[in-house]
Amino acid sequence: MAFSASYDNPSAPGTGAAVSNREDLTNILVQLDPVSTPLVSLLRRTKARATSHEWTVDGLAAVDTSGILEGADTTSFSDKFESRARLSNVVQGFRRDYQVSQVQQAVDGVGPANESAAKVKCLRELKRDLEAAVYSANDKTTGSGSAAAVMRGFNDWLDSSGPSDVPTAYRTPSDQVIAMSNAAVTEAKLSAALASMFNVSGNLSNVTLVADTKVRDSIANFMRAAHSGTATRYSVNGTGKTVTLSVSLYDSDFGSIKIANSNPDCSPDTTNHDRALAVNLDHASLATLIPAKQVSLEDQGGGARGYTETWATLACHDPRAHASIDEARS
């Protein structure tokens, strides 16, 4: 006769040795999703007080080295505020909901899978949603009773020919919008973008390049050849002979630029992962109308339920202060 199979499903009807075998379920929960949100984490926080968040941008007159005649009277006067402009973005709402049955709340599960764990997941998902919106190429939409309001993302702000509501004088210079047309970004292109950013602001001391994986690899490749980085590239640590290839700083002629990995799930292109943003953190912020909050709703018999919500927008104070990279854009 055949022996009882130890791999028989113990939950299925029948008899045999397998029905008495214990379940082997480890107390480990694997959640393989990127959770970092570098843009949201790096941007300084400001307060929004209306659904349309607005700010003004201004500039100085051109440098004048012509001098004046001794004893000359002033006969003409200039308007020092004629170039001032108002920029704005729309506050967007973000929400993640949960429900956990009474039975699930009571059982001992791996993870666990209870109300507290559901709230933590909602917060993580909410923060990633906000990161993706800030990183996006979405144009702003005011919203209506039938359509949600949507903020303008960085990749729409940084456009040398727009957006239409940004005066030409304050649009991102073309050198700072790097389009490689399905080619790896070059050091010459990156250097030209940083030079242009420096020409606008005069200071790159607080710039972070948030780069997706393909752009990060491109930068790593030319840093190996040109030795432009101060990180531990190709150095041997002690007797362990460990070669470190991480890039944390890029030394340009205009200052050291910090480099951080973007969240691949929040990229405007989650297929090719070929985007990056050089953000001057002195000239951008995250304006919050309603800080992240957790709301528990009445249990109507189905178990604990509620949601996590926040309302915020990106304030790109001056589009000329930042740069973008798209290795697929022509």
Side-chain angles (χ1 to χ4, degrees), residues 35-59 81 83-97 119-120 122-145 147-159 163 165-167 170-172 197 200-201 203-208 210 258 260 262-263 266 277-296 306-322 324:
V35 295
S36 62
T37 53
L39 281 172
V40 171
S41 299
L42 288 168
L43 290 173
R44 60 190 174 91
R45 299 298 195 268
T46 54
K47 177 65 178 174
R49 292 179 172 83
T51 54
S52 178
H53 184 61
E54 299 178 301
W55 59 95
T56 53
V57 60
D58 203 350
F81 309 108
S83 62
R84 184 171 293 183
R86 180 185 297 189
L87 304 181
S88 67
N89 206 351
V90 175
V91 171
Q92 181 175 343
F94 300 85
R95 179 185 293 169
R96 286 287 181 163
D97 59 81
K119 289 180 177 180
V120 171
C122 281
L123 280 171
R124 288 180 175 177
E125 291 167 351
L126 194 76
K127 196 174 181 183
R128 291 203 317 169
D129 293 343
L130 185 55
E131 178 83 2
V134 169
Y135 202 167
S136 76
N138 294 338
D139 195 0
K140 65 178 179 181
T141 303
T142 303
S144 64
V150 175
M151 75 168 72
R152 173 177 288 152
F154 256 125
N155 276 286
D156 192 62
W157 276 108
L158 309 187
D159 186 344
D165 59 332
V166 176
Y170 297 107
R171 293 175 182 173
T172 310
M197 290 172 65
V200 171
S201 66
N203 189 348
L204 299 186
S205 63
N206 198 18
V207 173
T208 296
V210 180
K258 294 179 282 293
S262 66
N263 187 317
C266 300
L277 289 171
V279 180
N280 190 327
L281 297 171
D282 291 332
H283 300 287
S285 64
L286 186 68
T288 303
L289 181 66
I290 301 176
K293 62 178 182 179
Q294 290 184 324
V295 178
S296 297
Y307 63 90
T308 300
E309 181 177 307
T310 189
W311 289 78
T313 193
L314 167 66
C316 181
H317 298 158
D318 193 327
R320 302 174 301 165
H322 318 283
S324 69

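When a residue number appears, it is its place in the shown sequence, counting from 1.
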Classify the side-chain pair Thr310/Lys127 by whether it contains a donor and acceptor separated by less than 3.5 Å. no
Side chain to side chain, Asn280 and Ser201, heavy atoms closer than 4.5 Å: yes
Evaluate salt bridge (Lys or Arg N to Asp or Glu O under 4.0 Å) for Arg152 paired with Asp165, printing each intermediate quantity in order. CA-CA 12 Å; Arg152 173 177 288 152; Asp165 59 332; 3.0 Å; yes
Okay, side chain of Ser41, backbone of Pro38: is any donor-acceptor separation there less than 3.5 Å? no
Arg86 atom CZ, neighbour heavy-atom count above 12 within 6.0 Å: no
Is any side-chain heavy atom of Val134 closer than 4.5 Å to one of Leu286? yes
Note: Tyr135 and Cys266 closest approach over all heavy atoms is CD1-O, 3.6 Å
Under 4.5 Å between any side-chain heavy atoms of Ser296 and Gln294, yes or no? no
Which atom pair, heavy atoms only, marks the closest approach of Leu43 to Ala284? CD2-CB, 3.8 Å
Checking Thr313 side chain against Val90 main chain: does a donor-acceptor pair fall under 3.5 Å? yes
Which value, rounded to the nearest 0.5 Å, describes the distance between Thr51 atom OG1 and Asn89 atom CG? 11.5 Å
d(Trp311 CH2, Gln92 CD) to nearest 0.5 Å is 8.5 Å
Show, in sequence, the C-alpha distance, side-chain angles and deciding distance for Val207 and Leu281, and conclude whether the side-chain contact (heavy atoms from CB on, under 4.5 Å) test is met. CA-CA 6 Å; Val207 173; Leu281 297 171; over 6 Å; no
Atom CD1 of Ile290 and atom OG1 of Thr288: how far apart are they, to the nearest 0.5 Å? 10.0 Å
Side chains of His317 and Ser285: do they bring a donor and an acceptor to under 3.5 Å? yes
Evaluation steps, side-chain contact (heavy atoms from CB on, under 4.5 Å), between Asn263 and Arg128: CA-CA 8 Å; Asn263 187 317; Arg128 291 203 317 169; 3.8 Å; yes
Tell me the closest heavy-atom pair linking Ser83 and Asp58, and the distance in Å. OG-OD1, 3.2 Å
Looking only at non-hydrogen atoms, find the nearest pair between Ala149 and Val91 and report the distance. CB-O, 3.7 Å
Quick one: CG on Asn155 to CG on Asn138, what's the gap to the nearest 0.5 Å? 9.5 Å
Without hydrogens or angle criteria, can the side chains of Asn203 and Ser205 be said to hold a donor-acceptor pair below 3.5 Å? yes
CZ-OG1 distance between Arg95 and Thr308, expressed to the nearest 0.5 angstrom: 10.5 Å
Do we see a donor-acceptor contact under 3.5 Å between the side chains of Asp159 and Thr172? no
If you take all heavy atoms of Trp55 and Cys316, which pair is closest and at what distance? CZ2-O, 3.2 Å
Hey, does Lys140 have a side-chain heavy atom less than 4.5 Å from the side chain of Met151? no
Is the shortest heavy-atom distance from the side chain of Phe154 to the side chain of Ser324 under 4.5 Å? no
For the student: nearest non-hydrogen atoms of Met197 and Ala278, plus distance: CE-O, 4.0 Å
To the nearest 0.5 Å, what is the distance between NE2 on His283 and CZ on Arg320? 9.5 Å
Test item: Leu42 and Val279 side chains (from C-beta on) under 4.5 Å apart, heavy atoms: no
Side chains of Val40 and Arg45, heavy atoms from C-beta outward: is any pair under 4.5 Å? yes
Side chains of Thr37 and Leu130, heavy atoms from C-beta outward: is any pair under 4.5 Å? no
Using modelled atom types and a 3.5 Å cut-off, is there a donor and acceptor pairing between side-chain atoms of Glu309 and backbone atoms of Lys293? no
